[in-house]
Each structure stands twice: as C-alpha cells, then as structure tokens.
Amino acid sequence: MPPARGHGSPHLSSSSGVMSFNLSSFMPGLTADGIAVLLAATLLGGLVRGFTGFGFAMVFMPLASMILGPVAALGLIWFIDLPFALPIAARSAKTAEWREILPLLLTATLALPAGIWLLIWLDRETMRWVLALLVLSAVGLMASGWRYHGRPTIPLSLGVGALSGLFNGMASIGGMPLAVFWLGAQRNDRHKTRANMQAFFGVSTLISGTVLWWKGILTGGALMMAVPLFAIYGVGLWAGTHGFRLASEQTFRRGAYLVIFLSALISLPLWDAVIGR
C-alpha cells in the first residue's frame, strides 16, 4: 500500500543517516566513499592477518594512504593493531624461537627511525608509489614460491631485521621480509612461522609506538578514527584465524596474496586521474 511504503522510506533513510553521522563523527573530513574504503581495508586486512600471521599492513596501508596520506595512515594502523597484537604476541611467546627473534628485533629497532624519516621526507605521492611497488614486489616474490632454504645465520638475521625495521618505519610493512625469510628458513613450518612473527610484531609494536609518539605521528585524531575500526578488524582476525585452522592452506594463501595484490594495484597513483581521485 502506498502510504505504508511512503512511511517506511523516511525511516530507512533516517537510520542510514544516523549510521553515516556516527562514523563521520569519528572520521571528520572523510567522504562516505573514503570511510567505506577504510572499513573494507580493515576487514580484508584482518582476514589476511588472521590466516597468515602477517599482511594486515600490506592490505591496509596502500588503501588507507590513498584516503589519508601515508603519515596519517601509519598512525591509524598502529592504534588499530595495538589491542590485538599484544595479546596474540603473549600467546605466541611460549612457542616462538627467541634466539631467532632477538637479533631481528635489535636491527629492526635501529633501522626504524630511518624508515620514519623517509616517510616524513618523501612527498605524499612519491610515498604512495614506493609503498604500492614494495607491496607488489613482495607479494609477487611470495606467490612465486621462492624461499630462503637454509638455517638462519646471525649476519642474515641482522640484515633481514634491518630491512624489516626500515619498512616498518616507512609504512608498517615490516612483516614482508620476515615472511620471505621465515617461511623458507623454518622449512615451511607454518605454526612456527606464525608464532615467531606474532611474537616479533608484539614487541616491535611497543617499540615503534614509542618512536611514532615522539615524532608526533600518534595523535588523538588517529585514535578517534581507530575506534569504530577495532570491531571490524577483530571480525576479520577471527574469521582468518578460524580459516587457518579449518580450511585448505593453499586456497587461503592464494586468496590472501590476491587481496594484497589488488589492494596495492588499486592504490597506485596512476589511477587518480582516471577515476578523479
């Protein structure tokens, strides 16, 4: 009946408007499309992180940098990941191989300020190019099946740690060199790889947070923006973790690589003029 439809439509519009207003109050200055991109990036990144033990930043950072810029996106991702990274790291600490983790953490910490300096020094568009191309190169390498097949030596561990710290400071993507290194070095023991990476991320999150706060990148605005994204990220983590336990590893790994690849591809600045971004 026409009256019923006419009465129901404004109610639906009002509910939609309230939801939009609530999100906008946490993310001032962002359009509805921008908010939608952040929500999707958070969910997909959480799904990838839950399954593989890494990859949240590889999905989130290219897309968030497209909306916020790389510096603001780095502050936001730190707040989103913090309440999840620490408990996960605590659970993984018992099974992690700290003899391998500690040398990596040492050089990662030393290289972190250099990565943050590059992030601040490079202009926004250049940094977006660097970030997207780094992620595309990394996912291509991982998807190719190449691995480092050997026992980790101290010099190699120190080098990988330094590269991880540099990438972490630039864009919170320090997991990329670790993934390539540990997946092969541990003879593809996915449980050990996950435990090492989760423990590493927990400690490095605290270290990087100290430096980011000192540089003024962790702001109240970033924390406010992270609030509505916590639940979205948690859902993605939960789904990815259960997928890791129950589903085919090969299928999920391919899906994770595809999500990371598409995120980096979409974020390339070359599309800006095409879609009016």
Between atom [atom1] of [X] and atom [atom2] of [Y], what is the distance when rounded to the nearest 0.5 Å?
{"X": "R128", "Y": "L270", "atom1": "CZ", "atom2": "CG", "result": "9.5 Å"}
{"X": "M58", "Y": "L131", "atom1": "CE", "atom2": "CG", "result": "9.5 Å"}
{"X": "I77", "Y": "L68", "atom1": "CD1", "atom2": "CG", "result": "11.5 Å"}
{"X": "I88", "Y": "M197", "atom1": "CD1", "atom2": "CE", "result": "12.5 Å"}
{"X": "T219", "Y": "M225", "atom1": "OG1", "atom2": "CE", "result": "8.0 Å"}

Donor-acceptor pair, side chain of [X] and main chain of [Y], under 3.5 angstrom:
{"X": "T205", "Y": "F201", "value": "yes"}
{"X": "W129", "Y": "P269", "value": "no"}
{"X": "S24", "Y": "M27", "value": "no"}
{"X": "N196", "Y": "E97", "value": "yes"}
{"X": "S267", "Y": "A264", "value": "yes"}

Heavy-atom closest pair, residues [X] and [Y]:
{"X": "Q198", "Y": "S92", "answer": "CB-OG, 3.3 Å"}
{"X": "L110", "Y": "P113", "answer": "O-CD, 3.5 Å"}
{"X": "P83", "Y": "I80", "answer": "CD-O, 3.5 Å"}
{"X": "S65", "Y": "R124", "answer": "O-NH2, 3.8 Å"}
{"X": "A239", "Y": "L47", "answer": "CB-CD1, 3.7 Å"}
{"X": "S208", "Y": "L112", "answer": "CA-CD2, 3.5 Å"}

Partners of [X] by side-chain contact (heavy atoms from CB on, under 4.5 Å), sequence neighbours excluded?
{"X": "L102", "result": "W98, L105"}
{"X": "L223", "result": "F79"}
{"X": "A108", "result": "F200"}
{"X": "V59", "result": "L44, V48, V259, I260, S263"}

Excluding sequence neighbours, so at least two apart, what forms side-chain hydrogen bond (donor to acceptor under 3.5 Å, both in side chains) with T210? none

Contacts of type side-chain hydrogen bond (donor to acceptor under 3.5 Å, both in side chains), residue D33, not counting sequence neighbours: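 If we apply the side-chain hydrogen bond (donor to acceptor under 3.5 Å, both in side chains) test to D33, skipping adjacent residues, there are no hits.
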
Pairs involving [range], ordered by first then second residue, that meet salt bridge (Lys or Arg N to Asp or Glu O under 4.0 Å) (sequence neighbours left out):
{"range": "residues 105-114", "value": "none"}
{"range": "residues 52-64", "value": "none"}
{"range": "residues 55-84", "value": "R49-D81"}

Going by atom type alone, with no hydrogens or angles, which donor-acceptor pairs under 3.5 Å involve a side-chain atom of residues 161-173 and a protein atom two or more places apart or on another chain?
residue: S164; atom: OG; partner: G174; partner atom: O; Å: 2.8

Given the rule that I, L, V, M, F, W and Y join up when any side-chain heavy atoms are under 4.5 Å apart, are L106 and L178 in one cluster?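 They do not share one cluster, since no chain of ILVMFWY contacts under 4.5 Å joins L106 to L178.
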
What about W238 and F56, same hydrophobic cluster or not, with Ile/Leu/Val/Met/Phe/Trp/Tyr joined at side-chain heavy-atom distances under 4.5 Å?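 No; F56 is not reachable from W238 via cluster members.
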
Measuring only between side-chain heavy atoms, which start at C-beta, is [X] closer than 4.5 Å to [Y]?
{"X": "R91", "Y": "P87", "value": "yes"}
{"X": "I67", "Y": "L63", "value": "no"}
{"X": "L76", "Y": "F60", "value": "yes"}
{"X": "M127", "Y": "V71", "value": "no"}
{"X": "F26", "Y": "M224", "value": "yes"}

Show me, pair by pair, the donor-acceptor contacts under 3.5 angstrom made by side chains of residues 35-42, not counting sequence neighbours?
residue: T42; atom: OG1; partner: L38; partner atom: O; Å: 2.7

Can you tell me which residue pairs pass the side-chain hydrogen bond (donor to acceptor under 3.5 Å, both in side chains) test with a partner in residues 101-122, sequence neighbours excluded? none

Do the ring planes of Y233 and F84 sit parallel (below 30°), tilted (30 to 60°) or perpendicular (above 60°)?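 Rings of Y233 and F84: perpendicular, over 60°.
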
Would you say CZ of F261 has more than 12 non-hydrogen atoms from neighbouring residues, nucleotides or ligands within 6.0 angstrom?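 Count not over threshold, so no.
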
